[in-house]
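Comments concern the structure below.
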Amino acid sequence: MPIIFASVRQFFTDTISFSSFVLLLTVLLTLLLPATGLTAQQVEQQPQTSDVRVLIDVSGSMKKNDPANLRLPALRLLVGLLPPDSTAGVWTFGTRAEPLIRPGVTNNKWKAEARKASTKIHSRDLFTNIGLALEAAIADWGDKPSRLHQRSIILLTDGMIDISKDKSKNAAERKRILTTLLARIEKTGASIHTIALSANADHDFLQQLSTKTDGGYEQTDNAEQLERIFLRLFEKTTRRDTVPLVNNTFLVDDSIMELTLLVFKPKGAKPTEVVEPGRKKYTRGKKPSYVKWQAEKNYDLITISRPKPGEWSINAQTDPDNRVMIVTNLQIQTNRIPNNLFAGETLNISLFMTNDNKKITDDDFLQFISFSARQTSPNKKRWFLHDNGLRGDAEAHDGIYNVQVRKTLEIGKNNFVFQASSETFQREINHSVLVHDINLISTRVDQIQKGPKNYHQIFVSPNLEFINARKMKISAQLIENGQPRNIELNRANPPLLEWSYESDALDPDKDYQIVIHMLTRTRSGRPVNYTSRPIPLTLPKFDNLLLEPETEKPQVEKAPEKIAETAEPAAPAEEDSGWMMGIIIAVIVNLIVGIIGWLAWRKWKLKRELAYEELMEELE
């Protein structure tokens, strides 16, 4: 080995300069680093506890939009569902923001006080001061995200900014909230989930609050839907495991310490009945001591301590919003799955199991668990996930099951169910993603002249209202007559955050399209993996003046200036530079070996993936 290394070193020393070594090393590092990044598995976990702030409009218009005051049972539903280790607070707002119940840990005492305080919700105030309510909600959050809590604000209103009879003051307040105040909220890491309880609400304003903070947005003209809306927003603000409820039947395993049944009741429904393993039945009026039963007009909320393992059922009308929520140490967890996407984005889903909040990587345990992701609307599709490094899984045997969803996503609400199941237990998470038809990229084409040649220059710029372009990576394909080819975009104007491509070979009479791929983050910090739809390009025809080449000025040949003779610097001794050369050669040889090894592994993996896909096609 020393003889080979010495020979290699002698070859490089005799034929390549030191600067060439540095250039070669840079090229090899550039080639190798992206390759190693392809296999990196990054999962952005969510905090395990929640801090939820609820803001409820009590302006006079609520008499019309919520005449039965259904805000009360909707709030009590949310209070009842909150796990005991979360934090929550509730405010009403009109002219001022008044605390209904101050932020605290949602234990039994806090929940009892919240249920009692819910009766103070009214519809008598003259104004709708949303800004004051938001400021009250974030008053103790500081200006940084929390590592311990997932922060969320639920804002329920039926109107728009109304702090004065002077319309200009209302407009100024609206602008202040969407700029100054929203920037403060973004710094806390909180998501704002908005509910518009009227067709006359300021929908654009509420959607901006939710979209820019990755919160949920719900709109309804019917207050009867409030309880179901609060359920959906609860599932966005709080991480609580559920088990699948199929035909009103569900399975309880011995790791479940407590379960909560949410059963929605249609008008005139028979009393809900719970059936334990062994066929023991009970109702609200006749129940054992380990059961708590909260009955409302439209739903029952039933909490059971230390439930018996086995098959349970409920005798009630089936409803897609019925839930079985559990407290357990054996949980299914996900990466931070967004509530909002933009058309063209890829939805990255990562599922894994934890025990006492520690990720399980034991293959002997995981091999008996089936992981799946199911889209239930608007399209229906099911993906079975595997931890084998194939078919979208990022890395084999790391305990994380990945899938990427793009083709089945449509504009509007997309609903998903994530499941982990075995013969002994089942876990489930419900999630919805709202896909927005908002362009994250804009393009324009100019014409320029460089010397005697005419060029078209294609400019690309991100939508800075939603995108943080500081660490953006961008690439493009130019499509000519249906044939795509990769083009290189260069930073054109750093202050304007524009990228450009220029060419003298584009024909204005031909049809061109451009496809942009972008890796970046939103202003609230969410990762974005975006591929635009093909964007048509309109190429301007060159002006006649631009087509005329510039006249060349006659060149006057000058006599060469006298060059001062300088002594050639003495070459450094070989002993002084040899050690440096040796280190560089060793690094280069190792990089070459690494690249060859990675390429061979990649080729083997692709062959294996192709064989796997062919096998799956045959089985299907």
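No hydrogens, no waters, no symmetry mates; every other heavy atom, side chains included, goes into these values.
- Classification of R526 and E345 as a salt-bridged pair holds, one side-chain N sitting under 4.0 Å from a carboxylate O.
- Side chain of H149 to main chain of V52: no donor-acceptor pair is present (N/O by atom type, distance under 3.5 Å, no hydrogens or angles).
- Rounded to the nearest 0.5 angstrom, T213 OG1 and N339 CG are separated by 9.0 Å.
- None of T242, I304, T260, L259 except one satisfies the side chain to side chain contact (heavy atoms under 4.5 Å, CB included) rule with I326; the exception is L259.
- Salt bridge E186/K144: absent, no basic N to carboxylate O contact under 4.0 Å.
- Across every non-hydrogen atom of L209 and I192, the tightest pair is O-CB, 3.9 Å.
- Checked by atom type, the side-chain pair T376/N415 shows no donor-acceptor distance below 3.5 Å.
- Looking at K187 and W141, their side chains never come closer than 4.5 Å, going by heavy atoms from C-beta outward.
- A donor-acceptor pair under 3.5 Å is absent between the side-chain atoms of N430 and the main chain of V417, judged by distance alone.
- Using a 4.0 Å cut-off between charged side-chain N and carboxylate O, D162 and R174 make no salt bridge.
- Looking at T354 and Q333, their side chains do bring a donor and an acceptor atom within 3.5 Å of each other.
- Remark: E273 CD to N315 CG distance equals 4.5 Å, nearest 0.5 Å.
- At least one side-chain heavy atom of H431 sits under 4.5 Å from a side-chain heavy atom of F418.
- Side chains of S524 and D214: a donor-acceptor N/O pair is absent below 3.5 angstrom, by distance only.
- When the shell of 6.0 Å around CZ of R102 is examined, it contains 12 or fewer heavy atoms from other residues, nucleotides or ligands.
- T157 is linked by a side chain to side chain donor-acceptor pair (under 3.5 Å) to D57, counting only residues two or more places apart in sequence or in another chain.
- Using a 3.5 Å distance cut-off with no hydrogens or angles, the side chains of S255 and T328 do pair a donor with an acceptor.
- At a cut-off of 3.5 Å, with distance as the only test, a side-chain donor of R71 or S123 sits close to an acceptor on the other residue.
- Of the possible donor and acceptor atoms, one in the side chain of H193 sits under 3.5 Å from a partner among the backbone N and O of G216.
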Steps toward side chain to side chain contact (heavy atoms under 4.5 Å, CB included) verdict (Y401, I349): CA-CA 8 Å; Y401 296 71; I349 300 168; over 6 Å; no
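- Counting heavy atoms from C-beta outward, I429 and F416 have side chains that stay 4.5 Å or more apart.
- Between the side chain of T119 and the backbone N or O of K116 there is at least one donor-acceptor pair closer than 3.5 Å.
- Closest heavy-atom contact between L347 and P338: CD1-CD, 3.9 Å.
- Counted by atom type alone, S86 and T49 present zero donor-acceptor pairs between their side chains at under 3.5 Å.
- Salt-bridge annotation for K265 and D321: absent, with no side-chain N of the basic residue lying under 4.0 Å from a carboxylate O of the acidic one.
- By the salt bridge (Lys or Arg N to Asp or Glu O under 4.0 Å) test, R444 pairs with D446, E498, sequence neighbours left out.
- Closest of all the heavy-atom pairs between L330 and R427 is O-NE, 2.7 Å.
- The pair R232-E218 meets the salt-bridge criterion, with a side-chain N (NZ, NE, NH1 or NH2) lying under 4.0 Å from an Asp/Glu carboxylate O.
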Stepwise salt bridge (Lys or Arg N to Asp or Glu O under 4.0 Å) check, E173 with R176: CA-CA 5 Å; E173 174 68 359; R176 182 188 76 88; 2.9 Å; yes
Would you give me the side-chain donor-acceptor pairs under 3.5 Å for residues 89-101, sequence neighbours excluded?
unit_1	atom_1	unit_2	atom_2	d
T95	OG1	D125	OD1	2.6
R96	NE	E98	OE2	3.1

Passes side chain to side chain contact (heavy atoms under 4.5 Å, CB included), L197 versus D66? Steps please. CA-CA 8 Å; L197 187 59; D66 183 20; 4.1 Å; yes
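- Taking the six-membered ring where the residue is Trp, Y217 and H203 present perpendicular rings, their angle passing 60° and hence far from 30°.
- If you look at F342 and F466, their ring centroids are closer than 6.0 Å.
- Defined by atom type and a distance below 3.5 Å, a donor-acceptor pair is present between the side-chain atoms of D158 and S61.
- With hydrogens and angles left out, the side-chain atoms of D300 and T272 include a donor and acceptor closer than 3.5 Å.
- Heavy atoms of other residues, nucleotides or ligands lying less than 6.0 angstrom from NZ of K111 number more than 12.
- Every pair passing salt bridge (charged side-chain N to carboxylate O under 4.0 Å, His left out) that includes a residue from residues 75-92 is listed here, sequence neighbours excluded: R76-E296.
- For the 3.5 Å distance criterion, the side chains of N355 and N329 fail to qualify, holding no donor opposite an acceptor.
- Counting heavy atoms from C-beta outward, T128 and S59 have side chains that approach closer than 4.5 Å.
- Inter-residue side-chain proximity for F264 and L231 is flagged as met; some heavy-atom pair is nearer than 4.5 Å.
- Annotation for F234 and L78: closest pair CB-CD1, 3.7 Å, computed over non-hydrogen atoms.
- T346 and Q404 are not linked by any side-chain donor-acceptor pair at a separation below 3.5 angstrom, with hydrogens and angles left out of the test.
- The environment of CG in N222 is crowded: more than 12 heavy-atom neighbours from other residues, nucleotides or ligands sit within 6.0 Å.
- A side-chain donor-acceptor contact under 3.5 Å links S461 and S442.
- The two residues W499 and P462 come nearest to each other via the heavy atoms CZ3-CD, 3.9 Å.
- For L55 against A137, the heavy-atom pair with the smallest separation is CD2-CB, 4.0 Å.
- To the nearest 0.5 Å, atoms CG (D241) and CZ (F425) are separated by 10.5 Å.
- Considering E235, K236, K413 in turn, K236 is the only one that fulfils the side chain to side chain donor-acceptor pair (under 3.5 Å) rule with S432.
- Under the rule for a side chain to side chain donor-acceptor pair (under 3.5 Å), the partners of D319 that lie at least two apart in sequence or sit in another chain are R228.
- Within the 4.5 Å cutoff, no side-chain heavy atoms of V528 are placed close to those of R521.
- Residues N414 and E410 have side chains that never bring a donor and an acceptor to within less than 3.5 angstrom of each other.
- Judged as a side-chain contact (heavy atoms from CB on, under 4.5 Å), and not counting sequence neighbours, the contacts of V327 are R240, M257, E258.
- Atom CG of L148 sits about 9.0 Å away from atom CZ of R151, to the nearest 0.5 Å.
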